[in-house]
Amino acid sequence: MYIHRIVIDANCINAKGRMDSMNELEAYHDAGLIEILKTSTLDAEFNTAPLQKEKAKNYKMIGGTGPAFMGDDHMADAMPGAVVGESEFYKYYLEIFGPELGEKFCRRSIRDCMHIDQAILNNANYFITNEKRLIQAGQQVDAIHEKIRILNPEDCLTELKDYLVTNHGTSKIETLKNNLKSCGPVMIGSNSSFGFTITDPVMKEILLSSYIKDGQLMIEANIRDVTGKLILEIKEGEKMKFHFDGVGVHCLGGGPLNLGEKSFGQVTIGDNDTIYLSARSLSSNRVLFDTVNLFSSDGKRKIIVDKEMLELQGLNIGAPKSAL
């Protein structure tokens, strides 16, 4: 079962529980069927709103490419997260609001674009908001609508239910929750398991391995670029071995994802052009691999994970290392 990730705008926080569609989305979140996320910018917006800030604690945080300060109050409008690539929040700002926007509303509108930017950088499925201008931009701005769906909570809930009925025969939470119990704690795309090993049968090499040990999810990998050049080796209990200076390992928070000697809650490995591996722990204590682009040593076979899609080109997937 694929776990959709939904990033929430400040106007959808539903602190008093008066938004029916948000109540339903929160019920799916509490059941582990979707993951509602907050951006680091949302915390900044709620700095003087204790009720909303307390409600936002229910959701895991995502970040951007680095810290951003847009005012003179020394408050960070965005904080770094487990992402790679270039931030485009100001590009979105110019596309949505235009340079003619008055200074009075500038910071608020820039923060709107930071929400969208972080949602895109974290490969989320939806950004939900009640602001019509942002929803319109999600339909009309190519740089946005090609990467994420921007909807109000009602329309997002409708799409989500339609997806669940089409793919799982029902949108009833209790039925889906019971079905989820039969799924393993490790999700790769829309596929669940208790870990896996993906091997190259030609070169006899393990490209990616994930297995549970002592309550941690161990990740081992030989990360190669499109030509097959080895750029990073990850092995249990050892320091990560970099073969290429341009690749980075970007992490956020503590959690069950073990890479070598350290553990994290979210991790993305890549450069400005390519995400090679992205995984995150969910509120339901599951782990989701949402992006993978790994190649064989001759560059002819590869693993592709793009949100719910898993594609193995000439590779084999089998039992996790601990079960071999």
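Fair warning: this is a prediction, and the values are worked out from it, not measured in the lab.
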Quiz item: Does Met1 reach the side chain of Ser192, with side-chain heavy atoms less than 4.5 Å apart?
Solution: no
Quiz item: Any donor-acceptor pair under 3.5 Å linking the side chain of Asp9 with the backbone of Phe127?
Solution: no
Quiz item: Would a 4.5 Å heavy-atom cut-off, applied to side chains only, mark Arg301 and Met203 as touching?
Solution: yes
Exercise. Answer with yes or no whether the hydrophobic clustering places Phe264 together with Ile223; edges join I, L, V, M, F, W, Y residues whose side-chain heavy atoms lie under 4.5 Å apart.
Key: yes
Quiz item: With distance as the sole test, does Thr41 use its side chain to make a donor-acceptor pair with the main-chain N or O of Asp77 at under 3.5 Å?
Solution: yes
Self-check item: Shortest non-hydrogen contact from Leu315 toward Ile303
Solution: CD1-CG1, 3.3 Å
Quiz item: Could Arg111 and Glu45 be called an ion pair, given the rule that one side-chain N must be under 4.0 Å from one carboxylate O?
Solution: no
Quiz prompt | Heavy-atom pair of closest approach, residues Pro201 and Asn316 | solution = CB-ND2, 3.5 Å
Quiz prompt | Residues Arg224 and Asp200 bridged, charged N to O under 4.0 Å | solution = no
Quiz prompt | Check: Asn125 side chain, His4 main-chain N or O, donor-acceptor pair, under 3.5 Å | solution = no
Practice problem: Tell me yes or no: between the side chains of Glu236 and Asn258, is some donor less than 3.5 Å from an acceptor? | Solution: no
Quiz item: Is it the case that more than 12 heavy atoms not belonging to Lys235 sit under 6.0 Å from its NZ atom?
Solution: no
Quiz item: Once you round to the nearest 0.5 Å, how far does CE of Met187 lie from CG of Asn191?
Solution: 8.0 Å
Quiz item: Are Asn123 and Thr291 linked by a side-chain donor-acceptor pair shorter than 3.5 Å?
Solution: yes
Exercise. Indicate, with yes or no, if Val305 and Ile234 share a hydrophobic cluster defined by side-chain heavy-atom contacts under 4.5 Å among Ile, Leu, Val, Met, Phe, Trp and Tyr.
Key: yes
Quiz item: Is the count of non-hydrogen atoms from other residues, nucleotides or ligands lying under 6.0 Å from Asp245 atom CG greater than 12?
Solution: no
Quiz item: Counting only heavy atoms not in Tyr90, do more than 12 sit closer than 6.0 Å to its OH atom?
Solution: no
Exercise. Just do the side chain to side chain contact (heavy atoms under 4.5 Å, CB included) check on Phe46 and Glu54 with the steps written out, would you?
Key: CA-CA 9 Å; Phe46 291 154; Glu54 185 64 26; over 6 Å; no
Exercise. Taking all heavy atoms of Thr197 and all of Ser209, pick out the closest pair and write down the distance.
Key: OG1-OG, 3.7 Å
Practice problem: Indicate if Tyr276 and Leu232 have the same hydrophobic cluster label, given that clusters are the connected sets of ILVMFWY residues with side-chain heavy-atom separations under 4.5 angstrom. | Solution: yes
Self-check item: Donor-acceptor pair, side chain of Asp214 and main chain of Gln216, under 3.5 angstrom
Solution: no
Quiz prompt | Reported NE2-to-OG1 distance for the pair His115 and Thr129, which is rounded to 0.5 angstrom | solution = 8.0 Å
Quiz item: If you take all heavy atoms of Ser263 and Gly255, which pair is closest and at what distance?
Solution: CB-O, 3.3 Å
Exercise. Please determine, by modelled atom types, if Ser297 and Glu205 share a side-chain donor-acceptor pair under 3.5 angstrom.
Key: no
Quiz item: In terms of the angle between their ring planes, are Phe97 and Tyr93 parallel, tilted or perpendicular, with boundaries placed at 30° and 60°?
Solution: tilted
Exercise. Check Ala221 against Leu208 and note the closest heavy-atom contact, atom names and distance.
Key: CB-CD1, 3.9 Å
Practice problem: Would you sort out whether Glu86 and Lys91 count as a salt bridge (charged side-chain N to carboxylate O under 4.0 Å, His left out), showing the intermediate values? | Solution: CA-CA 11 Å; Glu86 296 290 339; Lys91 175 182 177 180; over 6 Å; no
Practice problem: Mind checking the CG-CG spacing from Asp30 to Leu25? Nearest 0.5 Å is all I need. | Solution: 11.0 Å
Quiz item: Do Asp155 and Tyr126 come close enough that some side-chain heavy atom pair is under 4.5 Å?
Solution: no
Quiz item: Could you give the distance from CD1 (Ile116) to OH (Tyr92), rounded to the nearest 0.5 Å?
Solution: 8.5 Å
Quiz item: Under the 3.5 angstrom rule, does the side chain of Ser190 hit a backbone N or O of Glu308 as a donor-acceptor pair?
Solution: yes
Quiz prompt | Ile275-Phe289 co-clustered via ILVMFWY side chain contacts under 4.5 Å | solution = no
Quiz item: Would you find a donor on one side and an acceptor on the other, under 3.5 Å apart, between the side chain of Ser40 and the backbone of Gly63?
Solution: no
Quiz prompt | Minimum heavy-atom distance Ala82-His250, with the two atoms named | solution = CB-O, 3.4 Å
Self-check item: Distance (rounded to the nearest 0.5 Å) between Arg5 CZ and Lys307 NZ
Solution: 7.0 Å
Practice problem: For Thr274 and Asp271, indicate whether the former's side chain and the latter's backbone hold a donor-acceptor pair under 3.5 Å. | Solution: no
Quiz item: Do Lys161 and Glu24 pass the salt bridge (charged side-chain N to carboxylate O under 4.0 Å, His left out) test, and can you show the C-alpha distance, the side-chain angles, and the key distance before you say yes or no?
Solution: CA-CA 11 Å; Lys161 285 183 173 181; Glu24 284 197 67; 2.8 Å; yes
Quiz item: For the atom pair CG (Leu207) and OG1 (Thr199), what is the distance rounded to the nearest 0.5 Å?
Solution: 8.0 Å
Quiz item: Between Asn222 (side chain) and Ile206 (backbone), is there a donor-acceptor pair under 3.5 Å?
Solution: yes
Quiz prompt | Donor-acceptor under 3.5 Å (Lys55 side chain, Asn14 main chain) | solution = yes
Practice problem: Find out if a path of hydrophobic residues (ILVMFWY) with successive side-chain heavy-atom gaps under 4.5 Å connects Val287 to Ile198. | Solution: yes
Quiz item: Is Thr158 reaching over with its side chain to a backbone N or O of Glu154, donor-acceptor style, under 3.5 angstrom?
Solution: yes
